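Notes follow once the structure below has been shown.
All residue numbers refer to positions in the sequence shown, counting from 1. Because the structure is a prediction, the values reported are computed rather than measured.
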Amino acid sequence: MKIYSRLYHYALGRWIILMLALIAAPFSIYPPAWGGETANETINVEQAVICETIQDLQPVHPAIAFSIKIGRVSCYTEFSNIPRETLIFHRWYRRDSLVTEKKLVLKPPQWSTYSSIQLRESDKGPWRVDIVDARDRTLKTLRFSVTE
């Protein structure tokens, strides 16, 4: 009976350790960088513009109103004080409805990136792009319009 009791307690202990490891595993797979920065590490948005296109990794013809005829607009963002590789998002809204979300990676210590959308005839009107960090904090909001 003592052997059975010891075996039972040994197996139960192993099972508990296994369950704790399985619960903790999802939190240890991704490095802290994907969770964003800590309280004293704030990513700075150095430049953020909506533009007609990107050439040589620079925004071309930034504006706040764009003709539907250009066919595409881009959101260019430049960051500094990046402590480690992290994610940001460009959330594109038309008339306050989310149209698309672009996930982008930033690398230290400074990085620039962009996302674009193709314009359709139905896309005329007010737009905004929210630049959001991995903790869902809005770093900057850019507003623009698509016209005839």
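Checking Thr77 against His90 by side-chain atom types alone, a donor-acceptor pair falls below 3.5 Å.
In this structure, the side chain of Gln118 engages the main chain of Gly71 through a donor-acceptor pair within 3.5 Å. Here the side chain of Arg143 pairs no donor or acceptor atom with the backbone of Val129 at under 3.5 angstrom. Between the side chain of Ser67 and the backbone N or O of Lys69 there is at least one donor-acceptor pair closer than 3.5 Å.
Distance check, rounded to the nearest 0.5 Å: CG of Leu139 to CZ of Phe89 gives 11.0 Å. Taking SG of Cys51 as the reference point, atom CD of Gln58 lies at 10.0 Å (rounded to 0.5 Å). Distance CG/Asp123 to OG/Ser145: 12.5 Å, rounded to 0.5 Å.
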Begin from the C-alpha positions of Arg91 and Leu98 and carry the test side chain to side chain contact (heavy atoms under 4.5 Å, CB included) through to its verdict.
CA-CA 7 Å; Arg91 292 184 181 153; Leu98 182 64; 3.9 Å; yes

Apply the test side-chain hydrogen bond (donor to acceptor under 3.5 Å, both in side chains) to residues Asp130 and Thr141: give CA-CA distance (whole Å), side-chain angles for both, the deciding distance (0.1 Å), then the verdict.
CA-CA 5 Å; Asp130 288 343; Thr141 297; 2.9 Å; yes

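Taking the side chain as every heavy atom from C-beta outward, Val60 and Ile54 never approach each other to under 4.5 Å. Side-chain contact check for Glu52 versus Pro62: every heavy-atom pair is 4.5 Å or farther apart. A 4.5 Å side-chain heavy-atom check between Arg128 and Asp96 finds at least one atom pair inside the cut-off. Counting only heavy atoms from C-beta outward, the side chains of Phe66 and Thr147 never approach each other to under 4.5 Å. Between Phe79 and Val45, some side-chain heavy-atom pair lies under the 4.5 Å cut-off. Here the side chains of Lys107 and Ile82 are not in contact, with every heavy-atom distance at 4.5 Å or above. With contacts defined as side-chain heavy-atom distances shorter than 4.5 Å, the pair Val132/Ile88 does not qualify. Looking at Leu87 and Lys103, their side chains come closer than 4.5 Å, going by heavy atoms from C-beta outward.
Residues Ser74 and Ser116 approach most closely at OG-OG, 2.6 Å, considering heavy atoms. Nearest heavy atoms, Gln47 versus Pro59: NE2-CG, 4.1 Å. Residues Lys124 and Ile68 approach most closely at CE-CG2, 4.1 Å, considering heavy atoms. Across every non-hydrogen atom of Ser122 and Arg94, the tightest pair is O-NH1, 3.0 Å.
Both Trp111 and Ile43 are part of a single hydrophobic cluster, where members link through side-chain heavy atoms under 4.5 Å apart. If you chain together hydrophobic residues whose side chains sit under 4.5 Å apart, Ile131 and Ile117 fall into the same group. In this structure, Ile50 is not a member of the same hydrophobic cluster as Tyr114, with clusters built from ILVMFWY side-chain heavy atoms closer than 4.5 Å. The hydrophobic clustering, which links ILVMFWY residues whose side-chain heavy atoms are closer than 4.5 Å, places Leu106 and Val49 apart.
Around the CG atom of Leu57, the shell of radius 6.0 Å holds no more than 12 heavy atoms that belong to other residues, nucleotides or ligands.
Classification of the Trp92-Phe144 ring pair by plane angle, with boundaries at 30° and 60°, yields perpendicular.
Trp127 pairs with exactly one of Val99, Ile64, Leu142 by the side chain to side chain contact (heavy atoms under 4.5 Å, CB included) rule, that one being Val99.
A salt bridge is absent between Asp133 and Lys140: the closest approach of a Lys/Arg side-chain nitrogen to an acidic carboxylate oxygen does not fall below 4.0 angstrom.
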